[in-house]
Amino acid sequence: MADKVLMLGNEAIARGAYEAGVKVSSAYPGTPSTEISEFLVQYKNDVYEEWAPNEKVAAEVAVGASIAGVRAMACMKHVGLNVAADPLYSVSYMGVNGGLVLVVADDPGLYSSQNEQDTRMVARAAQIPVIEPSDSAEAKDFFKAAFELSERFDRPFIFRTTTRLAHSQGLVELCDRVEPEDKPYEKNIRKHVMMPGNAKFRHIEIEKRNLELAEAANTLPINMVEMHDTKIGVITSGIPYQYVKEALPDASVLKLGMVNPLPRKLIEDFASKVEKLYIIEELDPMIEEQVKSWGIPAVGKEILTVQGEYSANMLRRAILKEEPKLKAPAEAPQRPPILCPGCPHRSVYHVLNKLKMHAAGDIGCYTLGAVAPLGVVDTTMCMGSSISTLHGMEKAKGKEYIKNWVAVIGDSTFLHTGINSLMNMVYNHAAGTVMILDNSTTGMTGHQDHAATGKTLQGDPAYAIDLVQLCHAMGVQNVTVVNAFDTALLEKTVKEETARDEVSVIIAQSPCVLLDKSKKPLYKVHEEQCKKCGACMKPGCPAMTKQENGTIRIDDTMCTGCGLCADLCKFGCIELVKAGE
């Protein structure tokens, strides 16, 4: 009997990649997809894994491996697919040699993202088939099926997951790894070189392939019909299937494992057997719009929402008109998002706040500089956008306008898409100060390495890109490196650099406090000496609290010994009482 183990959805996908015989995987960390690559590393003797600088590169690496004749994959979150859209739309025309699958994790409910875009809609526009599992067991099995279908129909596939699936656990049956023979590479300019004449031919070819795939979808085992009471029929896919089974256990269900292209004959047959048809899908009405366009009566978004995650109780209310009897939820303390104690970004933002600076922000932990009490970050749009946003402001309003503005961007994000933006500033005679907040990791997604940390995903040593030399190579003359916790020097540097009429870069360096697992120094407030001025409280460190009598107390279970509070206390009331070990 095969072993069954409890696995997260992301872990099951990694296992599916291993069992499918994948040989190359490239990814950029992005919650909720990050752990797939981290789980995949355990199979590094069989699978090559890497962190790429961004999702476009990751997708192109996977395409190259596929052309060479092996099964390959790339992993990213939904907004990362935007970065990879350029190769995505073209590889749709090219097709594959070895099987090619892009794992894309959507985020209904916005747990860790700046929007709720639906990957299925992007895939439909790019004419890319999409497979979506509903639990960990299917995540593993469907992933293997995706490679088989990719090679059978000469199509790249998107494997869509969501936050709920990625981070939920389920039983997974372990199987042996298959070792498909590498497919021989054949020079085929008409297939692999996307110039206009070739692309026209390939467009015709993929339309034929898509029709074949749509026809095959009617009999694929990943599309399953469960006939029960025919008064209610439901078409659904992915995690919403779990809510349907809980809320409507007696309903007949068509569970779609392939959500693009849709199995029209199967859907029409199912719809003809039920009295009332519901289409239940999170986010956009992708299935619903197509089904209704075929003249099939159905109920969907008119009673359900296009926003956020669904739940069994939501379906009970909308379909059965039942109000679930729920116990009053336990009172839980509010926990607003905040930078960790000892985070080097806090001292940077404290200085910017003191100087009444505005910051064009980016995607990372440092986005929290937008919230109180720091309140420095004014804009955040997407990866790498901070520098371009600052550039646009300067070109719109002039150099004097941005004297009290900076762009803030992390080291990983700078390498992701910030480099081109800085290059554009230099090239177009811009002015403005860019602050690279270098904490030596990709912090927000759980401390992954990148091209400037000196270590690969597999843990091997690698050349670490020198950010100073990189900025100089692009023509930035003024590059200053400052310890993020040296607030006096940081303040002086910000004043000097923002006064310039040319591009300048400040690299505020200090490793993420969570990288060092050793015991930290400990600071204590001498309460009898405390002047109750509150200066040490301004950066908003969660380890510090004001007591009823107005004096300050440091929680020694949270203090990481960064020393920022002691630096800010002009009366010497805060003292280092225990050095790190």
Side-chain angles (χ1 to χ4, degrees), residues 6-20 22 25-40 49 55 58-59 62 73-82 84 88 100-113 115-124 128-147 149-150 156-172 222-223 236-243 255-260 280-284 286-287 308-310 445-446:
L6 203 60
M7 285 187 171
L8 290 170
N10 280 346
E11 185 178 6
I13 292 170
R15 179 69 191 189
Y18 166 76
E19 292 184 7
V22 169
S25 174
S26 188
Y28 182 80
T31 306
S33 70
T34 306
E35 299 92 349
I36 298 170
S37 296
E38 294 177 327
F39 283 121
L40 198 54
E49 313 94 358
E55 296 85 359
M73 60 186 282
C75 304
M76 61 202 71
K77 67 183 296 179
H78 61 297
V79 287
L81 187 62
N82 300 334
L88 178 77
L100 176 63
V101 178
L102 304 187
V103 184
V104 184
D106 285 5
D107 191 20
L110 291 166
Y111 289 100
S112 59
S113 308
N115 67 42
E116 276 188 303
Q117 72 184 53
D118 193 324
T119 288
R120 299 174 304 165
M121 305 300 278
V122 179
R124 188 178 174 192
I128 299 282
V130 180
I131 287 179
E132 181 174 16
S134 65
D135 57 28
S136 294
E138 287 186 354
K140 191 211 74 166
D141 294 338
F142 285 16
F143 201 61
K144 294 162 68 175
F147 283 97
L149 291 168
S150 174
F157 269 67
I158 282 178
F159 194 80
R160 182 193 187 231
T161 74
T162 61
T163 300
R164 187 66 55 184
L165 176 70
H167 297 154
S168 296
Q169 291 184 317
L171 281 175
V172 175
I222 61 175
N223 294 326
T236 189
S237 67
I239 283 292
Y241 168 76
Q242 306 296 345
Y243 307 142
K255 182 170 77 69
L256 298 174
M258 180 179 289
V259 294
N260 188 51
I280 298 175
E281 54 187 326
E282 289 177 334
L283 301 182
D284 295 333
M286 201 276 284
I287 298 172
E309 286 189 300
Y310 285 5
T445 52

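Worth saying up front: this structure is predicted, and the values here are computed from it rather than measured. Index from 1, following the sequence.
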Practice task
Check whether any side-chain heavy atom of Y28 lies under 4.5 Å from a side-chain heavy atom of C75, and answer yes or no.
Solution key: no
Completion exercise
What one should report as the nearest heavy-atom pair of Y241 and S134 is CD2-OG, 3.8 Å
Fill in the blank from the handout: What one should report as the nearest heavy-atom pair of E55 and G80 is CB-O, 3.2 Å
Fill in the blank from the handout: When every non-hydrogen atom of A12 is compared with those of A139, the smallest separation belongs to CB-CB, 4.1 Å
Problem - Check: E132/S237 side-chain N/O donor and acceptor closer than 3.5 Å - result: yes
Fill in the blank from the handout: All heavy atoms of M121 vs all of M286, minimum pair found to be SD-CG, 3.2 Å
Problem - E138 and K255 ion-paired at < 4.0 Å - result: yes
Practice task
With sequence neighbours excluded, tell me which residues meet ring-ring contact (aromatic ring centres under 6.0 Å, His included) with F147.
Solution key: F143
Handout entry: Any donor-acceptor pair under 3.5 Å from D118 side chain to D284 backbone
Key = yes
Exercise for the section: List for me each residue that meets salt bridge (Lys or Arg N to Asp or Glu O under 4.0 Å) alongside K140, sequence neighbours excluded, and say none if there are none. Expected result: E19
Problem - Close side-chain approach of L149 and F157, heavy atoms under 4.5 Å - result: yes
Practice task
Taking side-chain hydrogen bond (donor to acceptor under 3.5 Å, both in side chains) as the test, write out the residues that go with T119, two or more places apart.
Solution key: D106
Exercise for the section: Could you tell me whether R120 and E281 have a side-chain N and a carboxylate O separated by less than 4.0 Å? Expected result: yes
